[in-house]
Amino acid sequence: MECPKCKHPNLEGGTLAGAISVQWCPNCYGIWIPGREYETWQKNQRQWSLKSDKRQTATVGIEFTPSPYDSKAALCPEDGHYLSRTKVPFSRMPFYIERCTLCGGIWCDNGEWDILESLGFHTEIDQMFSPTWQAKARLQELAERERQVLIEKLGPDIGSYVLELAEVLADHPHADCAATYILRKAELKRKEI
């Protein structure tokens, strides 16, 4: 089986997450996850995750540089069809994973599975290709960017305080009163200067 990205002639067998039989490239270190293997593993994960939800969606502190092959189109190593791509919204450095629409196989470039796992997305790769999932991901990405801008503008202490206050007020029926008060105070301070 040929690597869909770097065209190395032979993918080698291996195991991922202790249970998924995969093929990996000894040249670019990408991983091919056969659709049936992933589906079987995913069903077991869903049963386990109902008992203990380990999702971690925070991207703070995760360093990742996408593979140089990330932007390269690829063909399915099993059936030769083009792999469909979907963006993984990683606040500092988004990347793409690919999936064959025919056999359901998944290609992860070097390091991408680890990031999916740390974000808690590794059990829902099939859902990541849906417009609904992508729309939610874009909203989360926007919220994270807004959060980062707020911290950059106000500094970490005040920024964190404002974010915490916003969470406290989010469900309060008179949150608009607090927002109006803060805005009015800021305007008065500006006029004094």
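Along the sequence shown, residues carry numbers from 1. Only a predicted model underlies this, so the values are computations on that prediction, with no experimental measurement involved.
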How many angstroms lie between [atom1] in [X] and [atom2] in [Y], if you round to the nearest 0.5 Å?
X      : Y      : atom1 : atom2 : result
Gln140 : Leu119 : CD    : CG    : 10.0 Å
Asp176 : Leu169 : CG    : CG    : 10.0 Å
Leu150 : Tyr161 : CG    : OH    : 13.5 Å
Asp109 : Glu112 : CG    : CD    : 4.0 Å
Arg99  : Leu83  : CZ    : CG    : 11.0 Å
Met128 : Trp133 : CE    : CH2   : 3.5 Å

Given side chains that start at C-beta, do those of [X] and [Y] come closer than 4.5 Å, heavy atoms only?
X      : Y      : answer
Leu75  : Tyr82  : yes
Cys76  : Pro4   : no
Phe129 : Ile97  : yes
Arg184 : Thr180 : yes
Trp113 : Ile20  : yes

Shortest non-hydrogen contact from Ser84 to Thr101?
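Minimum heavy-atom separation between Ser84 and Thr101: CB-CG2, 4.0 Å.
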Work out which heavy atom in Pro66 is nearest to a heavy atom in Pro94; give both atom names and the distance.
CG-O, 3.9 Å
Please evaluate residues Arg145 and Glu141 with respect to the criterion side-chain contact (heavy atoms from CB on, under 4.5 Å), reporting the C-alpha separation (whole Å), side-chain torsions for both, the decisive distance (0.1 Å), and the verdict.
CA-CA 6 Å; Arg145 282 186 191 155; Glu141 187 177 20; 3.1 Å; yes
Heavy atoms of other groups near Leu142 CG, more than 12 under 6.0 Å
yes
Tell me if the NZ atom of Lys136 is crowded by more than 12 foreign heavy atoms within 6.0 Å.
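Atom NZ in Lys136 is not crowded, with 12 or fewer foreign heavy atoms closer than 6.0 Å.
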Would you please test Trp107 and Tyr69 for ring-ring contact (aromatic ring centres under 6.0 Å, His included) and show each step?
CA-CA 11 Å; Trp107 180 262; Tyr69 295 101; 9.1 Å; no
Counting only N and O atoms by type, is there a donor-acceptor contact under 3.5 Å from the side chain of [X] to the main-chain atoms of [Y]?
X      : Y      : value
Thr15  : Gly18  : no
Ser118 : Ile115 : yes
Glu2   : Leu11  : no
Ser67  : Asn110 : no

Any side-chain donor paired with an acceptor under 3.5 Å for Gln148 and Glu144?
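Yes, Glu144 and Gln148 have a side-chain donor paired with an acceptor closer than 3.5 Å.
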Is it true that Ile106 and Phe121 fall in one hydrophobic cluster, defined by side-chain heavy atoms closer than 4.5 Å?
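Result: yes, single cluster for both.
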Same cluster (ILVMFWY, side-chain, under 4.5 Å), Ile151 and Val149
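No, Ile151 and Val149 fall in different hydrophobic clusters.
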Under the side-chain hydrogen bond (donor to acceptor under 3.5 Å, both in side chains) test, which residues partner Asp79, sequence neighbours left out?
His81
With respect to Cys108, which candidate in Leu116, Val88, Val22 satisfies the side-chain contact (heavy atoms from CB on, under 4.5 Å) definition?
Leu116
Sequence neighbours left out, what pairs pass side-chain hydrogen bond (donor to acceptor under 3.5 Å, both in side chains) with at least one residue falling in residues 17-40?
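Matches after skipping sequence neighbours: Trp32-Glu78.
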Under the criterion side-chain contact (heavy atoms from CB on, under 4.5 Å), I'd like the reasoning laid out for Ile125 against Thr86: C-alpha separation, chi angles, the key distance, then a yes or no.
CA-CA 10 Å; Ile125 292 175; Thr86 193; over 6 Å; no
Excluding sequence neighbours, so at least two apart, what forms salt bridge (Lys or Arg N to Asp or Glu O under 4.0 Å) with Glu98?
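Salt bridge (Lys or Arg N to Asp or Glu O under 4.0 Å) list for Glu98, sorted by chain: Lys5, Arg85.
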